[in-house]
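Each residue takes its place number in the sequence, starting with 1. Just so you know, these numbers use all the heavy atoms, side chains as well, and skip hydrogens, waters and symmetry mates.
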Amino acid sequence: MALLDSTVVNVALPHIGLDLNADLAVLQWTVNAYMLTLAGLILLGGALGDRFGRRRVFVIGVVWFAVASLLCGLAPNAGVLIASRALQGIGGALLTPGSLALIQATFHPDDRGRAVGLWSGFGGVGAAIGPFVGGWLVDGPGWRWVFFLNVPLAAVCVPVALRHVPESRDPRAHGRFDVLGAALGALALASVTYALIAAPGAGLSSAVIIPAVVGLLLGIAFVYVERARRDPMLPPDIFASRQFTAVNAVTLCVYAAFSGFFFLSVLQLQVVLGYSALAAGTALLPTTVLMLLLSARSGELGRRIGPRIPLTVGPLLCAAGMLLMTRAGVGAVYWRDVLPALLVLGLGMVTLVAPLTATVLASVEVERAGLASGINNAAARAAGLVAVAALPLLAGMGPEAYRSADRFAATFGRAMPICAGVLVLGAVVAWCTVRADVLEAAPAVPSGAPSPEGGGAVEAAEAPRKAGAGAGVGAEVGGGVGAGAGGEGGAGARGGERRPCRPECAYHCGVGAPPLDPGDRPPGAPARRCGQDGGDHPRHPHRPPR
């Protein structure tokens, strides 16, 4: 539901605007209200599952998502639609990390990699068919059915989960939830987003300046709170790793460009080229299909040659694809003007996304892989949120721009070079900061010695404590390894050679954010015992925990 919804709604935006007599700002908020609550709460959602039961929180998330979807479909005006989309994001923050955490806690380690591979593969299929299904629904029964579709899916999912999925918890999840940190982060993003979206119509007025200043102050307060808390949602010390910080900077650049591109491209195809919703959704499929078919091979290539080259070449290819998309103006022919741009863009995405995920996991201690993946996923969504708000402002799109083919084509032509420039910046950051050997095995780190990733002093005896600090508030956002493998990960890593954590997701198809990934169990680490980390007996991987 979550991955389908992340791609299907964009196709419906022009019809939503016409039906509700809404301007461009409403279309931006229709996308951003969902991303805002999802990005702000996804780490907290993982922590809630660890504490209160992953199946319970997952089921609550599915029901919440379905009810919010129903409200979206019934929305009589733009305000109700935007509020309902924000509620949808809360449901997504509960069910998305919970689905992967359930797999990590339920399956035997020997079967877990294959199970996570299926999880990511089915997610890729959902992302791939989303634009096609969305276009078919919009052109048929109408845009409201894009949201009604989630209700029968939830009606199937909930009883299956209650009947067949065992409950699990993290017995080491402790401390208070970082609700204040989550609220400050979400409100800071909301304030900045509001200022950027309001700016084209209000200019440099108090309605823009005040929210911008408030957002900046809330962001500073968020950093202060996270540094002061014992169990922060976003542990600041994880950014002591230079490689982790660098790859997240690359993530911000590439996913800001991706989100801006797909938001505007769907409008360009329908408003300027005159495509139907179905044709527009189908036209964008090549990028997702390429990622579905080739991302596993790209991950292998990144491990062989190192991530530095893929993370440099990939954004440059994507930038070239976006510049080629400027040819898709009035009278453009799909196979000549649109398809080449999407193929180049898709190849660039294939080149960079899998190595990016692998580098994120390899840049931190094994026991913090789930936390690192969750932070990277949230950073990408936050970047997309800001991009969708800022790009129309930077390109000079007025509130009514999407109602005129000529005006929108002109502003689209100015927006694509901006996206390309952000991608080039990401490529430069990758080339200057990402090490080519970060995915290779490294010598064990002696007690008190500097980390190879620049993470400062890494005390072997402190590894379980560090894992616990992140575990209580979202280390398992990417699945059970974030905290559950803390002890065994630390043991494996300290056994003479420090091996980087490997991603378990084989398919990387999310165009809005990199996949959540718990990371694999390091070589030589012992299998979980019966009942450890809320898991099951090795001989009975589907048996409910005692």
* May I have the step-by-step check of salt bridge (Lys or Arg N to Asp or Glu O under 4.0 Å) for Arg144 and Asp19, ending in yes or no? => CA-CA 10 Å; Arg144 296 180 184 275; Asp19 188 43; 3.7 Å; yes
* Sole residue of Leu339, Leu269, Leu273 in side-chain contact (heavy atoms from CB on, under 4.5 Å) with Tyr334 ->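 So the option named by the test is Leu339.
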* Kindly indicate, with the supporting measurements, whether the criterion side chain to side chain contact (heavy atoms under 4.5 Å, CB included) is fulfilled by Leu184 and Leu180. => CA-CA 6 Å; Leu184 287 174; Leu180 178 59; 4.0 Å; yes
Mind checking the [atom1]-[atom2] spacing from [X] to [Y]? Nearest 0.5 Å is all I need.
X	Y	atom1	atom2	answer
Ile375	Asn248	CD1	CG	7.5 Å
Leu385	Gln28	CG	CD	10.5 Å
Leu345	Met325	CG	CE	9.0 Å
Leu234	Arg229	CG	CZ	12.5 Å
Leu27	Asn32	CG	CG	11.0 Å
Ile197	Trp29	CD1	CH2	4.5 Å

* To do: Evaluate side chain to side chain contact (heavy atoms under 4.5 Å, CB included) for Leu285 paired with Thr282, printing each intermediate quantity in order.
  => CA-CA 5 Å; Leu285 277 179; Thr282 306; 4.2 Å; yes
* To do: Applying ring-ring contact (aromatic ring centres under 6.0 Å, His included), run through Phe261 and Phe258 and close with a yes or a no.
  => CA-CA 5 Å; Phe261 172 83; Phe258 292 165; 8.4 Å; no
* Under 30°, 30 to 60°, or over 60°: which ring-plane class applies to Phe239 and Phe244, parallel, tilted or perpendicular? ->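 Plane angle between 30° and 60°, so tilted.
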* With under 30° as parallel and over 60° as perpendicular, where do the rings of Phe412 and Phe408 fit, or are they tilted in between? ->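 Aromatic pair Phe412/Phe408 classed parallel.
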With side chains defined as the heavy atoms from C-beta onward, is the minimum distance between [X] and [Y] less than 4.5 Å?
X	Y	result
Phe147	Val9	yes
Leu13	Val31	yes
Pro417	Leu323	yes
Val192	Pro211	no
Val434	Gln243	yes
Leu24	Arg403	no
Arg85	Cys72	yes
Pro518	Ser373	no

Smallest separation among heavy atoms of [X] and [Y], with atom names:
X	Y	answer
Leu252	Ala379	CD2-O, 3.4 Å
Pro315	Thr312	CD-O, 3.5 Å
Val353	Pro515	CG1-CD, 4.5 Å
Ala409	Gln268	CA-OE1, 3.9 Å
Ala182	Leu44	CB-CD2, 4.0 Å
Gly45	Leu94	CA-CD2, 4.2 Å

More than 12 heavy atoms of other groups within 6.0 Å of [X] [atom1]:
X	atom1	value
Trp119	CH2	yes
Tyr194	OH	no
Arg414	CZ	yes

* Check whether the side chains of Thr357 and Asp517 place a donor and an acceptor atom closer than 3.5 Å, and report yes or no. =>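 Distance-only check fails for Thr357 and Asp517.
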* Donor + acceptor pair across side chains of Gln88, Ser69 (<3.5 Å) ->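 Distance-only check passes for Gln88 and Ser69.
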Look only at the side chain of [X] and the backbone of [Y], and say whether a donor-acceptor pair between them is shorter than 3.5 Å.
X	Y	answer
Thr326	Gly413	no
Glu226	Met233	yes
Ser298	Leu294	no
Asp23	Glu400	no
Thr37	Ala86	yes

* To do: Show your reasoning for whether side chain to side chain contact (heavy atoms under 4.5 Å, CB included) applies to Phe65 and Leu87.
  => CA-CA 7 Å; Phe65 196 92; Leu87 291 175; over 6 Å; no
* To do: Take Thr351 and Leu317, measure what side chain to side chain contact (heavy atoms under 4.5 Å, CB included) needs, and give me the verdict at the end.
  => CA-CA 9 Å; Thr351 303; Leu317 283 173; 4.1 Å; yes
* Asked: When you measure from the centre of the six-membered ring of Trp431, is the NZ or CZ of Arg308 under 6.0 Å away and within 45° of the axis?
  ->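 Yes - Arg308 lies over the ring of Trp431, closer than 6.0 Å to its centre and within 45° of its axis.
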* Before accepting this row, confirm whether a basic side-chain N of the pair Arg368/Asp237 lies closer than 4.0 Å to the acidic partner's carboxylate O. =>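 Asp237 and Arg368: salt-bridged.
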* **side-chain hydrogen bond (donor to acceptor under 3.5 Å, both in side chains) evaluation trace for Thr251 with Asn376** => CA-CA 7 Å; Thr251 299; Asn376 186 244; 2.9 Å; yes
